[in-house]
Novice: 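Let me begin by handing over the structure; questions about it come next.
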Amino acid sequence: MSFEDKIRKVVPYVPGEQPKVEGRMIKLNTNEFPYPPAPGVREALKNLDPDLFRLYPDVYGDPLREKIAEYYGVDPDEVFVGVGSDDVLSVAFMTFFNSSLPVLFPDITYSFYDVWASVYRIPYELVPLKEDFTINREDYYRENGGIVIANPNAPTGIFEKDPSFFEDILSNNSDSVVIADEAYIDFAGASVLPLTKKYRNLLVVQTFSKSRASAGLRIGFAIGDRELIRNMNNVKFSINSYTMSRAAIILGIAALSDREYFKFSVSKVIETREKTVKELSGLGFNVLPSGANFVFCSHKEKKATDIFNRLKEKNIFVRYFNKPRIDDHLRITIGTPDQMDHLIRELSIITGE
Ligand SMILES: *Cc1c(COP(=O)(O)O)cnc(C)c1O
């Protein structure tokens with residue numbers, strides 16, 4: 001066997017492009033937040049003492065973990081922090097999906113799930129969404145190695161808002177860990193966090209990358225029963241103990257410390273989203289109902305790839321997925337009102353409306 005044959009070969013996740021464009025660009029392709037982080041983050045950054053960086057950070061990410069615990073009204077032992085929720089989800093996959101039974105997730109969802117399953121050799125089965133891209137909860141009432149559901153889902157943006165949705169899946173799956181990926185929950189409605197008190201097998205994962213305007217800081221977290229969290233930490237300590245930098249810990253606390261700014265800036269994005277949905281519909285787009293900071297839409301005549309390329313020529317970047325069932329759709333992040341006005345102007349030219 002050659003060394004080439006011994007290499008682990010994987011098909012990687014492909015993130016949205018970070019274009020290197022000179023001059024004006026409108027970047028609506030990776031669901032980043034259009035406004036700056038809370039003002040306290042700038043202040044905390046100014047006051048950072050570089051001498052701190054001589055020392056390793058806390059292995060648990062304390063005191064950020066304590067801040068998150070206080071914010072969400074749980075115990076610090078019920079919180080896990082990681083380098084973005086991608087890191088948190090990856091550790092969760094490795095920790096909880098460890099049987100020969102298939103892990104279940106929708107056929108159309110965050111495209112990192114099947115990549116982690118493949119790289120960790122976890123068997124999985126894709127569960128088709130319904131025709132309208134909603135989830136049929138009964139499809140998850142069967143033996144499995146675990147379940148992961150993004151709510152709101154990506155890239156559809158659809159929010160399963162019925163409070164019994166997760167509870168039904170949990171009560172039918174007491175033998176598996178169920179992961180709720182709530183990357184977009186702050187743009188949607190109520191989190192299933194309170195259910196972690198009742199269901200010891202529920203792990204709720206959230207991120208600072210979207211609603212907290214901090215994709216570049218790389219902070220994500222999970223909340224669940226302390227036994228789940230303890231096992232995740234044991235796996236993490238077996239790979240890389242010091243994941244959270246001292247800078248991320250300090251700035252993360254600042255990003256979480258301003259509830260007023262958070263509420264105000266998130267509500268502005270939601271307001272812009274609702275206006276954008278109306279305007280896109282007026283241009284002949286079919287727009288799925290969105291509980292996220294993006295919309296997922298298709299045009300009644302124009303091909304998604306053509307629209308994508310025409311926008312790119314204008315330095316407006318949106319996301320296209322060349323995948324079955326959604327290859328006629330575009331995912332468009334909600335930017336500032338000004339950015340969305342530019343987008344709509346270009347789209348009205350492209351669609352001839
Ligand atoms: C953006 C996103 C994540 C992860 O983002 P991080 O920047 O790693 O926190 C996880 N799940 C979904 C569904 C996402 O859209």
Side-chain angles (χ1 to χ4, degrees), residues 12-18 27-34 37 61 64-65 68 79-94 103 105-117 119 126 129 133 135 147-160 166 178-188 191-192 203-223 232 236 240 243-245 248-249 251-252 255-256 266 269 273 288 290-296 317-321 323 326 329-334:
Y13 170 75
V14 184
E17 195 185 349
Q18 294 292 351
K27 189 173 179 306
L28 307 173
N29 68 337
T30 50
N31 299 341
E32 290 140 333
F33 202 67
L64 173 59
R65 185 164 86 132
I68 292 170
V79 180
F80 177 94
V81 294
V83 186
S85 55
D86 285 342
D87 179 38
V88 176
L89 287 162
S90 148
V91 171
F93 267 58
M94 207 187 302
V103 168
F105 46 86
D107 61 337
I108 299 164
T109 190
Y110 189 37
S111 45
F112 227 137
Y113 301 153
D114 58 353
V115 172
W116 286 314
V119 72
L126 303 178
L129 294 179
F133 291 150
I135 293 170
I147 291 173
V148 52
I149 289 177
N151 195 34
N153 198 6
T156 65
I158 291 177
F159 178 47
E160 302 288 345
F166 260 102
V178 176
I179 298 177
D181 180 353
E182 294 192 330
Y184 300 101
I185 194 67
D186 296 324
F187 305 102
S191 165
V192 292
L203 189 80
V204 179
V205 179
Q206 293 190 13
T207 177
F208 282 36
S209 296
K210 283 41 186 263
S211 57
R212 305 236 171 235
S214 302
L217 268 183
R218 310 306 301 131
I219 300 174
F221 63 95
I223 294 178
M232 283 179 78
K236 173 194 131 143
N240 180 1
T243 49
M244 307 304 290
S245 74
I249 291 171
L251 300 177
L256 205 55
V266 167
V269 170
R273 176 184 76 199
L288 292 185
S290 171
N293 67 336
F294 59 84
V295 291
F296 201 51
F317 294 85
V318 299
R319 192 84 193 264
Y320 170 75
F321 298 91
K323 286 195 173 175
I326 56 169
H329 281 71
L330 292 172
R331 192 195 68 190
I332 304 173
T333 305
I334 301 302

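Order of listing sets the numbers, starting from 1, for every ligand and every atom in it. In this text, all values refer to a predicted model and were calculated from it rather than measured experimentally.
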Novice: Nearest heavy-atom pair of Thr333 and Phe294: which atoms, and what distance?
Specialist: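 Closest heavy-atom pair between Thr333 and Phe294: CA-CB, 3.8 Å.
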Novice: Can you name the nearest heavy-atom pair linking Val148 to Tyr113, along with the distance?
Specialist: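 Nearest pair, atom of Val148 first, then Tyr113: CG2-CZ, 3.7 Å.
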Novice: How would you list, by chain and number, every residue that makes a salt bridge (charged side-chain N to carboxylate O under 4.0 Å, His left out) with Arg65, sequence neighbours excluded?
Specialist: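 So Arg65 forms a salt bridge (charged side-chain N to carboxylate O under 4.0 Å, His left out) with Asp62, Asp77.
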Novice: Residues in side chain to side chain contact (heavy atoms under 4.5 Å, CB included) with Val115, at least two apart?
Specialist: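 Here the qualifying residues are Tyr13, Phe112.
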Novice: Using a 4.0 angstrom limit on heavy atoms, which residues are close to ligand 1?
Specialist: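 Residue list for ligand 1: Gly84, Ser85, Asp86, Leu89, Tyr110, Asp181, Ala183, Tyr184, Thr207, Ser209, Lys210, Arg218.
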Novice: Looking at residues at least two apart in the chain, or sitting in another chain, which of them share a salt bridge (charged side-chain N to carboxylate O under 4.0 Å, His left out) with Glu32?
Specialist: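 Lys27.
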Novice: Is there a side-chain contact between Phe321 and Pro155 in this structure, where contact means two heavy atoms from C-beta onward sitting under 4.5 Å apart?
Specialist: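 A side-chain contact under 4.5 Å exists here.
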